[in-house]
Amino acid sequence: MLVAMLTAGGGLAEVSEHCQRVVPDVDAVGLTVAIEPTAEARLTVSTHGWLAEPGEALQFTLGEGPCIETHMERRAVLAEDLGASGPAQRWPVFAGQAWEAGIRAVFTFPVLLHEQVVAVLSLYRAAPGALSATGERMAAAYAVAAAVLLLHDAHTLFASGRDQDEVAALIPPSLAVISQAIGFLVSRLGLDENQALARLRAHAFVAQRPLAEVAEDLLQRRLPVEHLP
C-alpha cells in the first residue's frame, strides 16, 4: 500500500516529503543513492525540509556521520543528540558542522537490494530527541518502499540530467539490468512498469532463478518474450 501511494504521488521523488509528513517529530528527510559512501558517487534523489540538503551534503562530503556508518554497516543508526559526547567522538567534524547548520539529531536507515546498500534514508530533527518505536518502524518501512521504487524507477535516474557514466556508477549492475529489461517489456509489449516487473518476477519464480539473470537473458535474446508468463 505504501509503495502504491508513493508511486501515485511521484515515486522516488515523493519519498522524503511523505516520510516527513507521516513519521512523528521529524523536520526533514533525505534519500541519497550511493553504491559507495563517497562524495564522488552519489545522487540525492529526494529531500524535504530545510535541514535535508545540508545534512546529506555534509555527510557524503566529509565521509563521516550516521549516514556513512549505515552505508558501511548495513544497519540503522540513531543519533538522538549530536551535541552529546558519543556523536562528537564518533563523527567529530560532522557533529560540529551539522550542529552549526541547525541539525540536532539524525536517524539513518539502509535501503537494501540483494543485501547491498544502494541508498540511505536520513531523517533530521532541529531539536535533540529520540525517535519513538513507532517512528522507527515507519522509517524502516519507507526505506523498504524506497528499495522497491528504486527497482521500478532506476531508469529515471538516467534522465536526471547527469552524465550517463556517472549515474550508471550509482546503480548496481543487477538493478541496472532489471531496469533495462522492464523498459524493454514496456516498449515491446505495451505494459506498464508494474506489469513488466510482475512478468519478470513470475518467470524467475517458476524457473527458480535470480531476477537479474532472467533480465539479462531477456535482453540478450536468450529468453524469448513469448516464454514469459
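One is the number of the first residue; the rest follow in order along the sequence.
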Leu150 vs Val33 side-chain heavy atoms within contact, under 4.5 Å:
yes
Show the numbers, then the answer: is there a side chain to side chain contact (heavy atoms under 4.5 Å, CB included) between Glu69 and Thr108?
CA-CA 9 Å; Glu69 193 167 308; Thr108 55; over 6 Å; no
Has Gln20 got a side-chain atom pairing as donor or acceptor with Gly49's backbone, closer than 3.5 angstrom?
no
Taking every heavy atom of Ala95 against every heavy atom of Ala88, the minimum-distance pair comes out as CB-CA, 4.1 Å
Taking Arg125 for its side chain and Gly129 for its backbone only, find out whether a donor-acceptor pair lies under 3.5 Å.
yes
Heavy-atom closest contact (Gly135 atom, Pro24 atom, distance):
CA-CD, 4.2 Å
State, without any angle test, whether Glu56 and Thr32 hold a side-chain donor-acceptor pair at a distance under 3.5 Å.
yes
Indicate, with yes or no, if Phe184 and Val186 share a hydrophobic cluster defined by side-chain heavy-atom contacts under 4.5 Å among Ile, Leu, Val, Met, Phe, Trp and Tyr.
yes
Residues Leu185, Leu218; criterion side chain to side chain contact (heavy atoms under 4.5 Å, CB included); working and verdict:
CA-CA 9 Å; Leu185 290 175; Leu218 181 69; 3.8 Å; yes
Within the distance-only criterion (no hydrogens, no angle test), does the side chain of Gln59 pair as donor or acceptor with the backbone N or O of Cys67 below 3.5 angstrom?
yes
What pairs with Glu53 under salt bridge (Lys or Arg N to Asp or Glu O under 4.0 Å), at least two apart in sequence or on another chain?
none
Answer yes when Glu80 and Arg104 have at least one side-chain N-carboxylate O distance shorter than 4.0 Å, and no when they do not.
no
Go through Leu149 and Val15 one step at a time and tell me if the side chain to side chain contact (heavy atoms under 4.5 Å, CB included) criterion holds.
CA-CA 9 Å; Leu149 290 169; Val15 171; 3.7 Å; yes
Distance-minimising heavy-atom pair for Arg188 and Val225
NH1-CG2, 3.9 Å
Answer yes or no: is there a donor N or O on one side and an acceptor on the other, between the side chain of Gln195 and the main chain of Asp192, under 3.5 Å?
yes
Gap separating the SG atom of Cys19 from the NE2 atom of His48, nearest 0.5 angstrom:
10.5 Å
Transitive ILVMFWY side-chain link Leu78 to Val111, under 4.5 Å:
yes
Where Pro92 and Glu64 come nearest, the two heavy atoms and their spacing
N-OE2, 3.3 Å
Nearest heavy atoms of Leu31 and Ala146, plus distance in Å:
CD2-CB, 4.1 Å
Would you call Glu216-Arg209 a salt bridge at under 4.0 Å N-O?
no
Hey, could you give me the OG1/CZ distance between Thr134 and Arg137, rounded to the nearest 0.5 Å?
4.5 Å
Heavy-atom nearest pair, Ala76 first then Phe109, reads CB-CD2, 3.7 Å
Backbone N/O of Val29 and side chain of Ser16: donor-acceptor pair under 3.5 Å:
yes
I'd like to know if the side chain of Asp217 reaches the main chain of Arg222, judged simply by a donor and an acceptor atom lying under 3.5 Å from each other, with no hydrogens or angles considered.
no
With side chain to side chain contact (heavy atoms under 4.5 Å, CB included) as the test, would you mind laying out the steps for Ile182 and Leu200 before giving the verdict?
CA-CA 8 Å; Ile182 290 172; Leu200 284 174; 4.0 Å; yes
Partners meeting ring pair (Phe, Tyr, Trp, His ring centres under 6.0 Å) with His18 (sequence neighbours left out)
Tyr142
Contact between Leu223 and Leu228 at the side-chain level, heavy atoms closer than 4.5 Å - yes or no?
yes
Please say yes or no: joined through hydrophobic side-chain contacts below 4.5 Å, possibly via intermediate residues, are Val144 and Phe107 part of one cluster?
no
Connected-component partners of Leu51 among ILVMFWY, side-chain separation under 4.5 Å
Trp50, Leu58, Leu62, Val77, Leu82, Trp91, Val93, Phe94, Trp99, Ile103, Val106, Tyr124
Between Thr70 and Pro110, is there a donor-acceptor pair closer than 3.5 Å when you use the side chain of the first and the backbone of the second?
no
